[in-house]
Number of protein chains: 2
Amino acid sequence: MQSLLEAQKKLLPDLLEVMQKRYQILHSISLMAPIGRRALAASLGMSERVLRSETEFLKGQNLLSTDVSGMRLTEEGQALLHTLNDLMREALGLKELETALKQRLNVARVVVVAGDSDRSPWVKKELGRACVACMKEQLRPGDIVAVAGGTTMAAVAEMMTPDPKLADVLFVPARGGLGEDVENQANTICAKMAEKATGRYRLLHVPDQLSGEAYASLIEEPAVKEVLELIQSCRMVVHGIGEAVTMAKRRKTPPVEMEKIIARHAVAEAFGYYFNEHGDVVHKVKTVGIQLENLPHVEHVIAVAGGASKAKAIQAYIKRAPHSLLVTDEGAAKALVGD
Amino acid sequence: MQSLLEAQKKLLPDLLEVMQKRYQILHSISLMAPIGRRALAASLGMSERVLRSETEFLKGQNLLSTDVSGMRLTEEGQALLHTLNDLMREALGLKELETALKQRLNVARVVVVAGDSDRSPWVKKELGRACVACMKEQLRPGDIVAVAGGTTMAAVAEMMTPDPKLADVLFVPARGGLGEDVENQANTICAKMAEKATGRYRLLHVPDQLSGEAYASLIEEPAVKEVLELIQSCRMVVHGIGEAVTMAKRRKTPPVEMEKIIARHAVAEAFGYYFNEHGDVVHKVKTVGIQLENLPHVEHVIAVAGGASKAKAIQAYIKRAPHSLLVTDEGAAKALVGD
DNA sequence: ATCATAGGGACATTATACGTCCCGGTATGA
DNA sequence: TCATACCGGGACGTATAATGTCCCTATGAT
């Protein structure tokens, strides 16, 4: 199979391009269905007319159907997408990117999905889908999964689906509040992910701001303490990676801390920790749950982040977590191997 | 891999066509290099302009190079062609056809080449090439090969090339004259094949029409007798298969015999024998050389025939020669497994 | 010297792809 | 209930690419 694609690349690169284009269209439709021509064309960055030609063709091939609400894949289309998944990843050079990144970042494993989250919003969904696939690959029934917050993690939760391998898996938030809006909080995402997986979940009900005494007494509360112990015994942590300043702003970080973050040249953020470009911790939000020191003792750590704009953040953070599995996208990956 | 190709064909229905076209071009160039556009276009049966577009493309891919003497493959092109050889056979389903035909016809071995001799003239060359490859596979230095006549056998002779395995091989005509034009006579083809292989040959100089006494005295001629003994001791017979009526007409068969052939529903012809659809001999041209009864005692028998129009003839004849190796083409093979 | 054959340039003629504009139908929400 | 936004699809003139046709010069064999 490998030689088939290699041979085809040499013999008919022009046709392979067309193939990739059509695959991408099917792929996008499967993620955004039902969707109309114009919206899809804008999303894929191609002219409406060429998209129309292609969708008419694909319709003729019985790969997608149209109705008044828009286009969606037929069963045949879904099946095709599935069989071509691996081939297209190779055709797009994603596998090459994965091995290149793995060496470059010195990280345990890398998964790269097509596209750039910065430019195409649906790529985040694809990141989510890939992350979910990785989770299912590594989880066993009865495991505990600690889930962090952020927009990317929200996409992961959104793409979660039930699976026999996830039977009896317990989802918990990785850490307490970090100042996020409710839709990006670990609690919310944890609950959503569990619901989508038809799994169980436990939440951490703690306020964002914690004085020293309140902290001490809160973690002794039975309801909190039990969850914290569950978190400590988790077999997997899944979290996003953000740009330090962007994250700090989104979380309405107090000016004094903000200055600290900027002064110490923080570039990356993950579950409340801020890192400079060397991967040193320059600031941390004090809260309960998983701490950076705990990570090496967790069996599976999955970091999810995409978009060329996050390349520097990924590079910085991953130095601290070499045994992670990194799920990223083409945009970030190319930026990372490029310089 | 078959499922991958099926999937690709869904997205790109004419993928295989283009692939085959370019493969054919590379293939032909490798055989005829150095060769010019016009000659190649004529040989492939495509217009000069489209061939030009394709070769310009292939040149851009660094698969072939041009100079004043014509086009030839680059090393990269050679390598690609080599990997494509097997790939194309599988992609076109030829391997499947071979196993299907082998079962269906109950014959020792089947080789199927791409295309249909009836529709594309170059396919006969391919048949020839495949046949030559089979011959080289089975012959040992010093062997004697008996060669029959016909247009297909002429193509085999045309495609013969020297080879260490053919060292000291002696080529002889399988039978005496059958009424063919000179270019299709066993003698001519035998000589040509030997020349192409830089091997030795002996011919049978006997007239087509033979009365009883002449026959008896001729086979006692030392020059003739010696060749006849060589023929009897051959280790390989290579022959074509024809449609009975077509062959009879081409050989200007006397009306009385013609009627006999038609009346007895002959459908197949091979080295002067005519068979009905059950494989029974309904007529034979009386001449010297290999007889049908000798065939089972010959170690290697190769029958070469292609084109959908010859399907019935192949099916009928092969019943009489189950231990043959059949070299045929896609057109005939599909017709044979189809009904 | 001649002739056949080589690759490549030039250009008119298609066939195809594409941009653009429009229409009627159907959800959705004010 | 009506305005609105989005849906697929028809229509048509215009780019763009593929192809047929003809010609040129260089080179090697005879």
Side-chain angles (χ1 to χ4, degrees), chain A residues 11-74 76-77 120-122, chain B residues 11-74 76-77 120-122 125 158:
Chain A
L11 198 61
L12 17 95
D14 47 348
L15 292 192
L16 277 192
E17 267 178 49
V18 178
M19 193 165 133
Q20 284 170 18
K21 181 168 71 177
R22 291 181 179 163
Y23 177 83
Q24 194 180 5
I25 291 171
L26 286 180
H27 186 84
S28 298
I29 291 178
S30 97
L31 290 176
M32 305 166 81
I35 188 172
R37 273 208 318 265
R38 287 163 257 260
L40 184 58
S43 162
L44 288 172
M46 58 177 77
S47 94
E48 186 194 328
R49 196 58 181 79
V50 302
L51 180 75
R52 184 172 171 181
S53 300
E54 295 299 341
T55 54
E56 273 166 2
F57 167 83
L58 293 170
K59 194 176 170 183
Q61 294 293 106
N62 193 31
L63 296 172
L64 60 85
S65 62
T66 60
D67 58 36
V68 290
S69 64
M71 301 175 285
R72 66 189 76 222
L73 295 194
T74 61
E76 206 176 341
S120 322
W122 49 271
Chain B
L11 282 187
L12 251 30
D14 49 2
L15 175 108
L16 271 189
E17 276 174 50
V18 179
M19 207 165 143
Q20 197 179 354
K21 180 167 71 177
R22 291 181 184 167
Y23 171 77
Q24 278 289 348
I25 293 172
L26 288 180
H27 183 80
S28 299
I29 292 178
S30 97
L31 289 178
M32 306 163 85
I35 188 174
R37 274 204 319 264
R38 286 162 258 258
L40 184 58
S43 161
L44 289 173
M46 60 175 80
S47 96
E48 184 195 328
R49 197 58 180 77
V50 302
L51 178 76
R52 185 171 169 180
S53 298
E54 295 297 340
T55 53
E56 273 167 1
F57 169 83
L58 293 170
K59 193 174 168 184
Q61 292 296 113
N62 193 31
L63 296 173
L64 60 86
S65 61
T66 61
D67 57 36
V68 289
S69 64
M71 300 176 285
R72 66 190 77 221
L73 296 192
T74 61
E76 210 174 341
S120 321
W122 78 78
K125 291 187 188 174
E158 196 64 48

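Note that these values count all heavy atoms, side chains included, but never hydrogens, waters or copies made by symmetry. On a predicted model such as this, the values are computed, not experimentally measured, just so you know. All chains are named by letter (A, B, ...) in the order of the sequence lines, taking the proteins before the strands, and each is independently numbered beginning at 1.
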**Fill in**
When R49(A) and G70(A) are each assigned the nearest nucleotide of DNA chain D, the 5'-most assignment goes to G70(A)
**Complete:** 5'-most contact on DNA chain D (nearest-nucleotide basis), S53(B) vs R37(B), goes to S53(B)
Hey, is the side chain of [X] poking within less than 4.0 Å of OP1 or OP2 on [N], counting only N and O atoms?
X: T66(B); N: dG8(C); result: yes
X: K59(A); N: dG9(D); result: yes
X: S69(A); N: dA27(C); result: no
X: S47(A); N: dG19(C); result: yes

In whole Å, I'd like the distance from the [atom1] atom of [X] to the [atom2] atom of [N].
X: E56(B); N: dG7(C); atom1: CD; atom2: P; result: 11 Å
X: E48(A); N: dA17(C); atom1: CD; atom2: P; result: 17 Å
X: M71(A); N: dT26(C); atom1: CE; atom2: C1'; result: 17 Å
X: K21(A); N: dA17(C); atom1: NZ; atom2: P; result: 10 Å
X: D67(A); N: dT26(C); atom1: CG; atom2: P; result: 12 Å
X: L40(B); N: dT5(C); atom1: CG; atom2: C1'; result: 14 Å
X: E17(A); N: dA17(C); atom1: CD; atom2: P; result: 16 Å
X: F57(A); N: dA17(C); atom1: CZ; atom2: P; result: 11 Å

**Prompt:** Do any N or O atoms from the side chain of S43(A) and from the backbone of A39(A) form a donor-acceptor pair under 3.5 angstrom?
**Reply:** no
**Message:** Please check this pair: side chain of S28(B) against backbone of Q24(B), looking for a donor-acceptor N/O pair closer than 3.5 Å.
**Reply:** yes
What's the closest nucleotide to the side chain of [X] if the choices are [options]?
X: R52(B); options: dG7(C), dA11(D), dA10(C); value: dA10(C)
X: R38(A); options: dG20(D), dT19(D), dC22(C); value: dC22(C)
X: A39(B); options: dA6(C), dG20(D), dC18(C); value: dA6(C)

**Request:** Determine, for R52(A) against E56(A), whether the closest basic-nitrogen to carboxylate-oxygen distance falls under 4.0 angstrom.
**Result:** yes
**Request:** Among T74(A), I29(A), L73(A), I25(A), find the one that has a side chain to side chain contact (heavy atoms under 4.5 Å, CB included) with L58(A).
**Result:** I25(A)
**Item:** Enclosure of E76(B) CD (heavy-atom neighbours >12, cutoff 6.0 Å)
**Value:** yes
**Request:** Let me know, please, whether V68(A) or V50(A) comes out on the 5' side of the other along DNA chain C by nearest nucleotide.
**Result:** V50(A)
